[in-house]
Protein chains: 2
Amino acid sequence: MTRIDVPDGSPFGIANLPYGVFSTPGAGPRVGVRVGDSVVDLAVALDDDVFARPSLNAFMAQGPRRWAETRERITELVQGDVPDAAVADASEITLHLPFEVGDYVDFYASEHHASNLGRLFRPDSEPLMPNWKHLPVGYHGRAGTVVVSGTDIVRPCGQRKTPADPAPVFGPSRRLDIEAELGFVVGVGSPLGRPIPCEDFAEHVFGAVLVNDWSARDIQAWEYVPLGPFLGKSFATSVSPWVVPLAALEHARTATPPQQPEPLPYLREKEPWGLDIEMAVSWNGQVVSRPPYRTMYWSPAQMLAHMTVNGASARTGDLFASGTVSGPEKDQRGAFIELTWGGREPLRVNGEERTFLEDGDEVAIAATAPGPDGSRIGFGEVRGRILPASCAPGNERAG
Amino acid sequence: MTRIDVPDGSPFGIANLPYGVFSTPGAGPRVGVRVGDSVVDLAVALDDDVFARPSLNAFMAQGPRRWAETRERITELVQGDVPDAAVADASEITLHLPFEVGDYVDFYASEHHASNLGRLFRPDSEPLMPNWKHLPVGYHGRAGTVVVSGTDIVRPCGQRKTPADPAPVFGPSRRLDIEAELGFVVGVGSPLGRPIPCEDFAEHVFGAVLVNDWSARDIQAWEYVPLGPFLGKSFATSVSPWVVPLAALEHARTATPPQQPEPLPYLREKEPWGLDIEMAVSWNGQVVSRPPYRTMYWSPAQMLAHMTVNGASARTGDLFASGTVSGPEKDQRGAFIELTWGGREPLRVNGEERTFLEDGDEVAIAATAPGPDGSRIGFGEVRGRILPASCAPGNERAG
């Protein structure tokens, strides 16, 4: 038997208990829970086959009563002796994508981010579109290219055209960017025709992850009218490996900023689902931004209510992300296009100038949230390194 | 043993042999092939478990050599005696969604449709955006709400706002529309970083279905800037139950219309994948439009090449649709917003006036393609009926 030691101040204390999917040299992907510097193999520890699977989906589909009961059992378990066979060292495991993604939706819920991008992409118009304060603007992204933290990101190739170019050119993106976001994972879906009201949020959403929605701004700027972002985003979206259960975020709950004009009734929350989560974006190891999630205009409960109000069904494994988290200050912006103001105001990173990502650069996004008694719980991080593009040759220009 | 009789002129002759998933009162969903008015149970007829499943995905993933070999075996089989246990009457079965949808992408590949919608949605600008002739514009839709033909469509609720409204109102969509499209189903995917060139189209795509991309134009018009359509589309997308194999469309292949300016090299086709498919849209039983697929500007091989050129992976079950098929003539338009010019020019349907869909209306989209020796092969149809909305009360206006 093993007594799991949780170091003082660990972001993975027993108030957190995030779930992930891990493998070891001896055994394939299965569900574990992170405690301190250890991972507890739940199929072994709880003797339950629902955890002996390569994704969280089956467990998530069991619903909130089972989630609560399991959390309680784990809390008891890890405070006593745990069978040796159920404990692995977190530094000796491989982490996998923790859930099979159903649909992936990306919102645009930060007023600061939406205003900044409006100014940069459409300098001649009002930065916020007329709909922005009436509904959480969002769109569907590519579920099949959601990858787990640590997956290398190959610089995408594609068409770009600046107003000065007579025709589009093809090649590696020159304006490769990040978007620091929080993502929410649906555990219990809803059938067609059954919207999920704000107050049912915790009956459906299992937990949260960090998201880096990699974005090729030059590809995006050329392609996105009128149907929205497509190839500028679809090459990869990274998520953190540990899914923090909603129950661990109780102490983070807070009101959203005042919403004026008052939203339509289906978007009004009785209990607020704003979240006081502190994020940090590191570029080659240097923190360049600290986006505050509490500044997000729309809450995740409002996002889910909106996403289903037309009768759209939701499924176990659906992932919806907040959109870039940007605060009001310059060093709180969650995308490099904002931090460098379209590339016109380079950042100094470890003594080097940066506007957008260069090959070999690495980005890590981390976050913590208030826990009980002044403690903090951690999301861990979502990390990715840029590899050089490998465009097919001969594609550069039209003939 | 049974000899399957194929009526003269049947759209499901042996040059077609489309695959679907069916169940009978005695047995659950499994893969069948349609021949004349019969369905052949492939798990029984070919003694192969890959067909004893509720979706085509496992078979589709086996790749083009297996598809060809299976098609050959079925062709031989159905011309001889088939075991009784392997044959069902097509009128006595239930048809299911034929494949599990990975990602769903919708393109916008008809020049006539894109121009018409540009004129209607953005009357003060050029109808075609500058990017339109350089790349197949597309976006991701909601995979989880793809339903099989025959599924009733509940009128969606949502926000709408005309320029005259001081604020958005909430309620049932008043401008519920269709989009008549062709959809392509990926059999063999590709990993991250491995684009699928135009010439490899038939190595990856298994077959085609009819698609009705139901659209709530009032919801769409208010929400779609700047990130594209979302709730105006995500409530339901219907597909036909029979997946016509690519091999059955050999005689339909034709050149696309001239593409000027010449597209970038990755979008150039050596062998054309334009398709000479005749579609017909029926509104409450009356044909109101005959969209000609051969007028589509971008071919499906170009769509797939574009969708993956940034390194995005593709998966078995990915569905990509053409976008509305509209020809140059008024009675060739594949959406009611075009047929009625934004509702300003009502159609007479069975003696009644129609602009957009009313509760109880039913739409069926059918299609045929040239087969060998002057014959035609059929896609069957994708059909859906509109049920009244069931919005939560008290949501109509902001407080």
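In what follows, chains are A, B, ... by sequence order, proteins preceding strands, each numbered from 1.
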If you count heavy-atom pairs under 4.5 Å between each of [options] and chain A, which one has the most?
| options | value |
| --- | --- |
| B:Gly311, B:Ala216, B:Pro156, B:Ala312 | B:Ala312 |
| B:Pro229, B:Gly141, B:Pro172, B:Ser390 | B:Gly141 |
| B:Met129, B:His134, B:His306 | B:His134 |

Within the structure provided, determine whether [X] and [Y] are in side-chain contact (heavy-atom separation under 4.5 Å).
| X | Y | answer |
| --- | --- | --- |
| B:Tyr224 | A:Tyr139 | no |
| A:Met307 | B:Arg142 | yes |
| B:Val105 | A:Phe230 | yes |
| A:Lys161 | B:Pro130 | no |
| A:Cys157 | B:Asn310 | no |
| A:Val154 | B:Leu192 | no |

Within a radius of less than 6.0 Å around [atom1] of [X], do more than 12 heavy atoms belonging to other residues, nucleotides or ligands occur?
| X | atom1 | result |
| --- | --- | --- |
| B:Glu126 | CD | no |
| A:Arg194 | CZ | no |
| B:Glu100 | CD | no |

Select one option (side chain, backbone, both, neither) describing which atoms of B:Arg122 are under 4.5 Å from chain A's heavy atoms.
->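 B:Arg122 touches chain A through side-chain heavy atoms alone.
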Answer with side chain, backbone, both or neither: which region of B:Ala114 has an atom nearer than 4.5 Å to a non-hydrogen atom of chain A?
->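 Answer is neither: B:Ala114 stays 4.5 Å or more from chain A.
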Check: B:Tyr266/A:Gln159 side-chain N/O donor and acceptor closer than 3.5 Å =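 Judged by distance alone, the side chains do pair up.
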Looking only at heavy atoms, which two atoms of [X] and [Y] are closest? And how far apart?
| X | Y | value |
| --- | --- | --- |
| B:Trp222 | A:Leu135 | NE1-CD2, 3.5 Å |
| A:Gly144 | B:Ser313 | O-OG, 3.5 Å |
| A:Asp103 | B:Ala143 | OD1-N, 2.9 Å |

Pairs of heavy atoms under 4.5 Å with chain B: top-ranked of A:Gly193, A:Gly158, A:Gly138 |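 Of the candidates given, the most pairs with chain B belong to A:Gly138.
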Atom pair OG1/CZ of A:Thr308 and B:Phe235 - distance to nearest 0.5 Å |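 Here the rounded value is 14.5 Å.
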